[in-house]
Amino acid sequence: MREFFHRRLERSAIGFVLAIIGVSAIGGFVEIAPLFTINETVEKAPDMRVYTPLELAGRNIYIREGCYACHSQMIRTLRDEVERYGPYSLAVESKYDHPMLWGSKRTGPDIARLGGKYSDAWHVAHLINPRDVVPQSVMPKYGWLMRNELKVDDLGLHLAAQRKVGVPYTDAMIANATADAFGQASPDGPYAGGVSERYGEATNVRAFDGEPGRLTEMDAVVAYLQVLGRLTDAAHSQSAAAGK
Amino acid sequence: MIATLTVEERQRAIAVSAFLALCGVIMAIAGRDDLLGTHGVIVLLFGLGGIGLVLSKYFEPEPPQERLSHYYDDPTKVGIVLSLGWAVVGMFFGVWVAALLAWPDLTFDAAWASFGRLRPVHTSGVIFGFGGNALIATSFHVLQRTSRARLPDQFSPWFVLLGYNLFCVLAASGYLMGLTQSKEYAEPEWYADIWLVVVWVVYFLIYIRTLQRRKEPHIYVANWYYMAFILVVAVLHIVNNLAVPVSFGHAKSYSLFSGVQDAMTQWWYGHNAVAFFLTAGFLGMLYYYLPKRAGRPIFSYRLSIISFWGITFMYMWAGSHHLHYTALPQWVQTLGMTFSVVLLVPSWASAGNALATLNGAWDKVRDDATLRFMMVAAVFYGLSTFEGSFMAIRAVNSLSHYTDWTVGHVHAGALGWVAMITFGSLYALVPWMWKVERMYSPKLIEVHFWLALAGTIIYVFAMWNSGIIQGLMWRTYNDSGTLAYSFIDSLVAMHPYYISRTIGGLLFLIGAIVAAYNVWMTIRMARSQAAGTAEADRPVLHGAGAALQPGE
């Protein structure tokens with residue numbers, strides 16, 4: 001009888017190494033590679049805009065504080081989720097999210113469609129002490145967001161790095177990143193006009209933390225939270241079309 | 001530890017430490033306006049510490065040539081101690097974050113102490129600190145015994161062990177300062193990731209260099225698993241961490257992938273970190289320490305082959321079950337679900353193989369808490385892989401996903417399987433390493449066993465209850481066809497379970513502290529006893545020639 005083939009494989013260290021690499025590579029390759037090549041994977045959304053520098057800074061603070069550990073940004077295609085949170089999430093909505101923040105746990109609610117749901121003042125109060133507005137909440141307090149000045153001098157570098165990984169920031173956006181961050185949080189200041197010009201009229205230009213004179217981390221986080229689910233109307237128009 | 005290095009190895013250690021210190025200086029200067037600078041200082045101190053350590057013993061005599069006829073176990077010993085240290089730290093942070101969900105104001109309004117920053121300290125602390133150090137320590141031990149070959153040299157094992165711990169320190173300190181990529185279980189930033197790749201390549205080279213010099217014709221099954229762990233984790237780590245730094249003076253980077261592709265890559269990584277870090281590596285432990293402790297051969301060789309290749313092939317398809325009903329295309333979801341269900345076959349083959357190995361030794365399981373740790377680990381491995389396959393079914397997942405059920409499932413695996421097999425293996429290994437007859441206190445092992453089991457059961461039951469209640473409340477409709485509960489209603493309902501989960505975790509933490517104390521006392525006991533039993537741990541001679549392959 002021929003020797004059981006595995007007995008031979010076990011005698012070759014290099015052979016075993018190559019076998020492990022070969023056998024383990026198949027699954028990931030079959031599931032991941034086509035996601036980059038099949039066009040239907042990500043829907044078309046011509047109205048999709050990129051994050052402003054202030055919103056991107058807010059998103060980075062959201063990542064820094066680990067908010068994604070308790071809040072998902074992915075509404076599943078289930079009736080109760082759509083009724084609780086809004087139209088289910090489309091792939092295109094996180095097209096510019098490097099990395100994605102879909103999340104895996106809802107200790108708090110999903111916030112994929114949080115933008116515009118509450119006022120800026122509510123967010124500020126909630127972030128300073130969640131139990132002031134939702135008595136049963138177990139969310140941490142984030143008082144330091146109001147105390148910390150936002151670091152803006154390197155936002156141009158951030159935008160440039162984002163462009164390297166595929167986000168279509170223009171040269172003008174990169175050059176004016178710091179000014180735009182100031183402008184978006186001080187509607188009466190000299191830089192406010194440039195924000196709407198570069199990112200669209202629909203962009204929120206407000207003193208998000210209620211203090212137009214200072215640019216705080218609170219400004220950035222609230223600006224980010226207020227744009228969640230509002231970079232494109234694709235999900236809303238799709239669900240409206242389905243309703244007809 | 002330095003006295004066992006040759007002069008040439010001491011020089012190499014100084015050179016590598018100096019290079020590390022130089023990297024630290026460069027990071028500190030380039031990142032002076034950024035948290036990267038703080039990490040540069042940590043790297044610098046680590047490098048200087050390495051230089052100081054070697055210099056303090058530099059002029060001691062070289063180790064005798066005779067050393068080459070023994071196995072080299074010093075890195076394993078230090079790895080065991082580091083592993084237990086990380087266990088206590090990681091589990092302490094676990095209890096803390098658990099308590100935060102019941103009493104959210106335990107953060108003192110300090111940024112570093114908020115839930116989002118502490119949680120990855122817990123997950124990385126237990127997975128990479130406790131689990132990773134235990135894997136490195138045991139793999140060096142198992143590799144030498146099952147190959148009858150000494151580790152190739154005396155410097156590279158230290159490089160791997162201490163370099164890996166530098167990675168763990170950068171990870172944990174980074175989270176507290178707010179440095180994270182946000183990718184679960186792959187949070188450390190780009191420079192730490194690059195460092196881990198360097199460490200990992202050396203780890204692989206130690207493995208292959210030792211295997212190539214083995215005196216056993218066949219590679220033992222434990223080494224298949226350790227090799228799969230090393231190789232696949234390397235691939236997963238590199239692909240999932242591809243990113244562009246903001247600049248070389250910034251700690252922050254942006255992931256190369258975005259949106260749906262990033263989600264799939266992340267959970268391909270995330271699920272296989274479970275598969276190849278938390279399963280394959282620990283199955284390697286199980287395949288060596290369980291039969292040794294039970295004094296029985298592995299029940300079935302063919303079952304080992306089936307489960308090994310089944311796990312290696314099929315786990316890599318299963319990651320997409322983390323993304324059911326999301327914007328991920330349905331065909332990928334379906335593939336993930338299918339392979340997750342079929343995965344039950346190799347998983348139960350392993351668990352069954354382990355339990356069947358105990359046939360004829362059940363009296364030992366009754367009397368020996370160390371072996372009982374391993375037996376319970378195999379049972380929990382079977383239970384949590386069944387639960388995992390079940391939760392990967394799309395309809396079940398629609399209820400369980402995003403809830404505490406997932407957390408409970410992970411802890412059934414992490415506490416019941418990974419930690420139990422580790423503690424069992426360490427209790428078996430420590431007396432061998434320090435050349436004593438037994439652990440300092442068998443009674444304390446017994447105490448630890450019941451603390452660990454009680455803690456795991458309380459934890460898992462609490463999370464099953466909270467997760468299923470949560471999932472059901474979110475989808476309950478009232479008679480008028482609208483949602484019956486607000487989100488906050490479901491959160492309020494979780495409160496008692498969050499308290500009981502904290503208690504379960506606390507029991508498990510106390511058990512780990514008992515283990516650390518027991519190991520510490522065993523080491524002290526060994527020091528006070530006269531050395532001289534070293535001859536016992538040598539391979540049996542077969543025919544002519546040296547029984548052990550010396551170092552390179």
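All chains are named by letter (A, B, ...) in the order of the sequence lines, taking the proteins before the strands, and each is independently numbered beginning at 1.
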(message) Return the OH to CH2 distance between B:Tyr402 and A:Trp102, rounded to the nearest 0.5 Å.
(response) 8.5 Å

(request) With a 4.5 Å cut-off on heavy-atom pairs, point out which of A:Asp153, A:Thr107, A:Ile21, A:Leu159 contacts chain B the most. (result) A:Thr107

(request) Can you measure from CG (B:Leu179) to CZ (A:Arg64) and round to the nearest 0.5 angstrom? (result) 10.0 Å

(message) Are the side chains of A:Glu31 and B:Ser320 in contact, using a 4.5 Å heavy-atom criterion?
(response) yes

(request) Determine the option with the most heavy-atom pairs under 4.5 angstrom with chain A, choosing from B:Arg214, B:Arg119, B:His322. (result) B:Arg214

(request) Against chain A, work out which of B:Thr107, B:Leu335, B:Leu211 has the most heavy-atom pairs shorter than 4.5 Å and name it. (result) B:Leu335

(message) Distance check, rounded to the nearest 0.5 Å: A:Asp80 atom CG versus B:Tyr477 atom OH?
(response) 5.0 Å

(request) Counting only heavy atoms closer than 4.5 Å, note whether B:Asp404 contacts chain A via side chain, backbone, both or neither. (result) both

(message) If I measure from the heavy atoms of chain A, does B:Leu242 come under 4.5 Å with its side chain, its backbone, both, or neither?
(response) neither

(message) Are the side chains of A:Arg76 and B:Asn397 in contact, using a 4.5 Å heavy-atom criterion?
(response) yes

(message) Less than 4.5 Å to any heavy atom of chain B: does that hold for the side chain of A:Ile61, its backbone, both, or neither?
(response) neither

(message) Classify the ring geometry of A:His6 against B:Tyr301: parallel below 30°, tilted from 30° to 60°, perpendicular beyond 60°.
(response) perpendicular

(request) Count the heavy-atom pairs under 4.5 Å between each of A:Met139, A:Lys141, A:Gln136, A:Arg79 and chain B, then report the option with the highest count. (result) A:Arg79

(message) For chain A, which candidate among B:Tyr220, B:Phe257, B:Phe115 shows the most heavy-atom pairs at distances under 4.5 Å?
(response) B:Phe257

(message) Is B:Arg117 in contact with chain A via its backbone, its side chain, both, or neither, using a 4.5 Å heavy-atom distance?
(response) both

(request) Please confirm whether the backbone N or O of A:Lys95 pairs with a side-chain atom of B:Ser258, one donor and one acceptor, at under 3.5 Å? (result) yes

(message) Heavy-atom pairs under 4.5 Å with chain B: which of A:Gly166, A:Gly108, A:Pro140 has the most?
(response) A:Gly108

(request) Taking atom CZ of A:Arg230 as the centre, report whether more than 12 heavy atoms of other residues, nucleotides or ligands fall under 6.0 Å from it. (result) no

(message) Treating B:Gln261 as the side-chain partner and A:Leu35 as the backbone partner, does any N or O pair qualify as donor plus acceptor under 3.5 Å?
(response) yes

(request) Check A:Ala19 against B:Trp309 and note the closest heavy-atom contact, atom names and distance. (result) CB-CH2, 3.5 Å

(message) So for B:Val221, is it side chain, backbone, both, or neither that comes closer than 4.5 Å to the heavy atoms of chain A?
(response) neither

(request) Could you grab the distance from atom CG of B:Leu231 to atom CZ of A:Phe16, nearest 0.5 Å is fine? (result) 10.5 Å

(request) Could you check A:Lys164, A:Gln162, A:His158 and say which one makes a side-chain hydrogen bond (donor to acceptor under 3.5 Å, both in side chains) with B:Tyr254? (result) A:His158

(message) A side-chain contact here means heavy atoms from C-beta on lying under 4.5 Å apart; do A:Leu101 and B:Ser182 qualify?
(response) yes

(request) Find the one option among A:Asp154, A:Asp110, A:Asn60, A:Leu90 whose heavy-atom pairs under 4.5 Å with chain B are most numerous. (result) A:Asn60

(request) Select one option (side chain, backbone, both, neither) describing which atoms of B:Leu101 are under 4.5 Å from chain A's heavy atoms. (result) both

(message) So for B:Val235, is it side chain, backbone, both, or neither that comes closer than 4.5 Å to the heavy atoms of chain A?
(response) neither

(request) Could you check which of B:Glu184, B:Met177, B:Gln266, B:Lys183 has the highest count of heavy-atom pairs closer than 4.5 Å to chain A? (result) B:Glu184

(request) Pick one of side chain, backbone, both or neither for B:His401, based on which atoms fall under 4.5 Å of a heavy atom in chain A. (result) both

(message) Can you tell me which of B:Ser247, B:Pro120, B:Pro217 forms the most heavy-atom pairs within a distance under 4.5 Å of chain A?
(response) B:Pro217

(request) Measure across B:Val246 and A:Ala161 and return the closest heavy-atom pair with its distance rounded to 0.1 Å. (result) CA-CB, 3.9 Å

(request) Side chain from CB out, backbone as N, CA, C, O: work out which of these in A:Glu93 comes under 4.5 Å of a heavy atom of chain B, or both, or neither. (result) neither

(message) For the aromatic rings, using the six-membered ring if either is Trp, is the centroid distance between A:Tyr88 and B:Tyr325 under 6.0 Å?
(response) no

(message) If I measure from the heavy atoms of chain A, does B:Pro329 come under 4.5 Å with its side chain, its backbone, both, or neither?
(response) side chain

(message) Under a 3.5 Å distance rule, please check whether B:Asp262 uses its side chain to pair with a backbone N or O of A:Pro99 as donor and acceptor.
(response) no

(request) Please name the pair of heavy atoms, one in B:Trp331 and one in A:Ile38, separated by the smallest distance, quoted to 0.1 Å. (result) CZ2-CD1, 4.1 Å

(request) Locate the shortest heavy-atom distance separating B:Val232 from A:Ser24; write the atom from each residue and the value. (result) CG2-OG, 3.8 Å

(request) Assess whether side-chain contact (heavy atoms from CB on, under 4.5 Å) is satisfied between A:Val17 and B:Tyr207, documenting all intermediate values. (result) CA-CA 11 Å; A:Val17 165; B:Tyr207 231 85; over 6 Å; no

(request) Evaluate the criterion side-chain contact (heavy atoms from CB on, under 4.5 Å) for residue pair B:Met494 and A:Val138; output intermediate values, then yes/no. (result) CA-CA 11 Å; B:Met494 296 305 102; A:Val138 298; over 6 Å; no

(message) Looking at every non-hydrogen atom in both residues, tell me the closest pair between A:Arg84 and B:Phe487 and how far apart they are.
(response) NH1-N, 3.4 Å

(request) Report the option among B:Ala111, B:Gly319, B:Ala102 that has the most heavy-atom pairs separated by less than 4.5 Å from atoms of chain A. (result) B:Ala111

(request) Against chain A, label B:Ser486 side chain, backbone, both or neither, depending on which of its atoms sit under 4.5 Å from a heavy atom there. (result) backbone

(request) Below 4.5 Å from any heavy atom of chain A, which atoms of B:Trp224 appear? Answer side chain, backbone, both or neither. (result) both

(message) Using 0.5 Å steps for rounding, measure from the NE2 atom of B:His324 to the OG1 atom of A:Thr77.
(response) 11.0 Å

(request) Sort B:Trp268 into side chain, backbone, both or neither according to what part of it lies under 4.5 angstrom from a heavy atom of chain A. (result) side chain

(request) Go through the steps to decide whether B:Trp317 and A:Ile26 satisfy the test side-chain contact (heavy atoms from CB on, under 4.5 Å), and finish with yes or no. (result) CA-CA 8 Å; B:Trp317 298 75; A:Ile26 301 168; 3.7 Å; yes

(message) Counting only non-hydrogen atoms closer than 4.5 Å, does B:Ala110 touch chain A with its backbone (N, CA, C, O), its side chain (CB onward), both, or neither?
(response) backbone

(request) Measure distances from A:Leu56 to the heavy atoms of chain B and classify the residue's part below 4.5 Å as side chain, backbone, both or neither. (result) side chain

(request) Supply the atom-to-atom distance B:Asp105 CG to A:Asn129 CG, rounded to the nearest 0.5 angstrom. (result) 6.5 Å

(message) I need the minimum non-hydrogen distance between A:Arg131 and B:Pro104, along with the two atoms involved.
(response) NH1-CG, 3.5 Å

(request) Please test B:Ile219 against A:Leu9 for side-chain contact (heavy atoms from CB on, under 4.5 Å), starting from the C-alpha separation and ending with a verdict. (result) CA-CA 9 Å; B:Ile219 302 172; A:Leu9 183 63; over 6 Å; no

(request) Heavy-atom distances under 4.5 Å only: say whether B:Thr265 touches chain A with side chain, backbone, both or neither. (result) both

